[in-house]
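Accompanying notes for the structure given below.
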There are 2 protein chains.
Amino acid sequence: MTYSLEQLRGFVAVAEELHFGRAAVRLRMTQPPLSRQIQKLEAAVGVQLLERDNRRVRLTPAGYAFLNEARRILAIAEAAPALAKRVSSGMRGVIKLAFTSASTFGILGRILDHLDLDLPEVHIELFEMVTREQLDALTAGDIDLGLARPPFDPELFESRLLHREALLLAVHEDHPLSELRRPVVPADLTREPLIFHSQQKARYFYDLVVSMVPLAQERVIHTVSQVITMLWLVSGGRGVAFVPESARLIGIPHVNYLPIATPIVDPVELHLLWPRRSDNPALPRAISALSFLMH
Amino acid sequence: MTYSLEQLRGFVAVAEELHFGRAAVRLRMTQPPLSRQIQKLEAAVGVQLLERDNRRVRLTPAGYAFLNEARRILAIAEAAPALAKRVSSGMRGVIKLAFTSASTFGILGRILDHLDLDLPEVHIELFEMVTREQLDALTAGDIDLGLARPPFDPELFESRLLHREALLLAVHEDHPLSELRRPVVPADLTREPLIFHSQQKARYFYDLVVSMVPLAQERVIHTVSQVITMLWLVSGGRGVAFVPESARLIGIPHVNYLPIATPIVDPVELHLLWPRRSDNPALPRAISALSFLMH
DNA sequence: TCGATTGATACCTTGACGGTATGACGTACT
DNA sequence: AGTACGTCATACCGTCAAGGTATCAATCGA
């Protein structure tokens, strides 16, 4: 035997009015079915909830306790549809956002700030992934938004350029190149020990540097995938490294950042990307909340 | 338009099975009415909760959010009857317990400990009241149990003796009476400044001392209602006072407690009392949990 | 003692829910 | 490609439960 939400509404009304007739008016029904509702409810609960003679109605202690539970149930039951609608409209929900480690530090903060402001009921889950992992996770539906570097398959993904920045050469502050008064050119680096990007894990930077700064790679002494690791090696005097301008924000000590002569200015691109087919209603809202960041 | 608990149960089953047929089996019904239940529920909520084609069933984001709410509702709805029954049986509830200030410190701790142990779901609310106030509050139903001193009207209240203790004379440790090697008698006090009980607020002690220690009251210099106040005055060398033995527990410095020759030993009584007519189901349980303390 | 108030009961009608039968549609296997 | 199967939706029917009206029973106050 169980009970219904209608019975709970009836019980709450009677408990508040302590009068079957007035409670029935409030519920827009007549008194007899309300009396039966309460009887049925008491039978279902297995306990007398209301003490009533022909003159007055009182809550029993059990009725008082049950009233609390009934109110909690009804409160949730009445709020739930509006909640579901907010989720459905994308005003509330979860966005899973992946980013590529240190290089996105600068813009990630602004992204989170604006999402928080525009969509306070949307919770952002953060994942650190390299671009390759992001593409797989977006396709699988494991994440909704990526902060990554090209190229992307335009069939599967939509993307917007968020940010371009310069490629700089990180050198130790005591290094003779720090004295250079002009942009670095490949010829300056023929004898330098190079800390280079992993071709697998940091393919974007690998390809970018190879195309921007044609030089022999015999001098590569470390192969690294994370910018922050490169900077620590430079800070320790182990060589020089190509890093995006935003690496400056990390604040590693004893490192100078030198301009490089590149065929195009600010060649390092950062994109926001998302799957063309997503069923997360919060995604379009998040994208338009971030549109002011896009170029 | 609203929805029913049965619809929620149906929805939760389908959401968990992601299959109408299996969910229907679990609910011991056939598949067609379950399909209609879900349709009705979606109409009531105003949002599509399940994405379904003829091959597979999936939760929409809104459906996922609504599933959480549905589970919360059903969890409360299923637990509520058992809760109400525990309240009705007195295993769970609230006991409002009044006590008479400092003199009950010793036994109050033991009472609370044992109630906590025997009736962990019964919450004890404490009130500090003098005996007179306790009687009124018990009659009005504002409190359930009192810890007070006689007399009580046996028509209205049931009571049990919890504790008898000696009446002692509190004196400053430098006072000459401290050197006495026998019980104090009235004749010892003819010239002492007396800190005495208020006849209104501390009537029990007033009457008790007057009957136990017949003496002229010309020497009364302070009239006080609380034991602790008396002790501070004694500690400050302002006089001597009659206090119950448990006053020692308060630990006021520089006070000695001297035995008094009284017609009966341990004349100070402390009773547990409660109204004969109470509708608090936790009260009988509390009383029997405390029966081992009674004489 | 009688009338008014209030919750409970009797009886009726309606509508909602579950069951059976069947349809529509898509998948998988031969 | 065709057919059999699986799966959710729809049509139709019977039952049962919920609400309405009329009335009863009990209590209180004048």
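The structure presented is a predicted model; accordingly, all values stated were derived computationally and were not measured.
- No donor-acceptor pair closer than 3.5 Å links the side chain of Glu69(A) to the backbone N or O of Ala84(B).
- In this model, the phosphate group of dT21(D) is not approached by any side-chain N or O of Gln31(A) to a distance below 4.0 Å at OP1 or OP2.
- Residue pairs satisfying the salt bridge (charged side-chain N to carboxylate O under 4.0 Å, His left out) criterion with at least one member in residues 270-291 of chain A, sequence neighbours excluded, are listed as follows: Glu158(A)-Arg276(A), Asp279(A)-Arg58(B).
- Nucleotide dT10(D) holds its P atom 14 Å from the CD1 atom of Ile38(B), rounded to whole Å.
- Contacts between chain B and DNA chain C, taken as any atom within less than 4.0 angstrom of a protein heavy atom, begin and end at dC17(C) to dT27(C).
- At a threshold of 4.0 angstrom between heavy atoms, the contacts of Arg56(B) with the nucleic acid are absent.
- Distances shown here put a side-chain N or O of Gln37(A) below 4.0 Å from the OP1 or OP2 atom of dG19(D).
- Side chain of Tyr204(A) to backbone of Glu269(A): a donor-acceptor contact under 3.5 angstrom is found.
- Using modelled atom types, no side-chain atom of Ser88(A) and backbone atom of Val47(B) make a donor-acceptor pair closer than 3.5 Å.
- For DNA chain C, the residues of residues 3-30 of chain A within the heavy-atom distance limit of 4.0 Å (strictly under) are His19(A), Phe20(A), Gly21(A), sorted by number.
- Following rounding to the nearest Å, Leu50(B) (CG) and dC8(D) (P) show an atom-to-atom distance of 10 Å.
- The backbone N or O of Arg56(B) lies less than 3.5 Å from a partner atom in the side chain of Asp53(B), making a donor-acceptor pair.
- At the phosphate of dC8(D), neither OP1 nor OP2 sits under 4.0 Å from any side-chain N or O atom of Ser35(B).
- Arg52(B) and Ser35(B) share no side-chain donor-acceptor pair at under 3.5 Å.
- Ion pairing between a basic and an acidic side chain is recognised when a charged N comes within 4.0 Å of a carboxylate O; Glu6(A) and Lys40(A) show no such pairing.
- Per the geometry, CD belonging to Glu42(B) stands 12 Å off C1' belonging to dC8(D), to the nearest Å.
- The distance between the ring centers of Phe66(A) and Phe11(A) falls below 6.0 angstrom.
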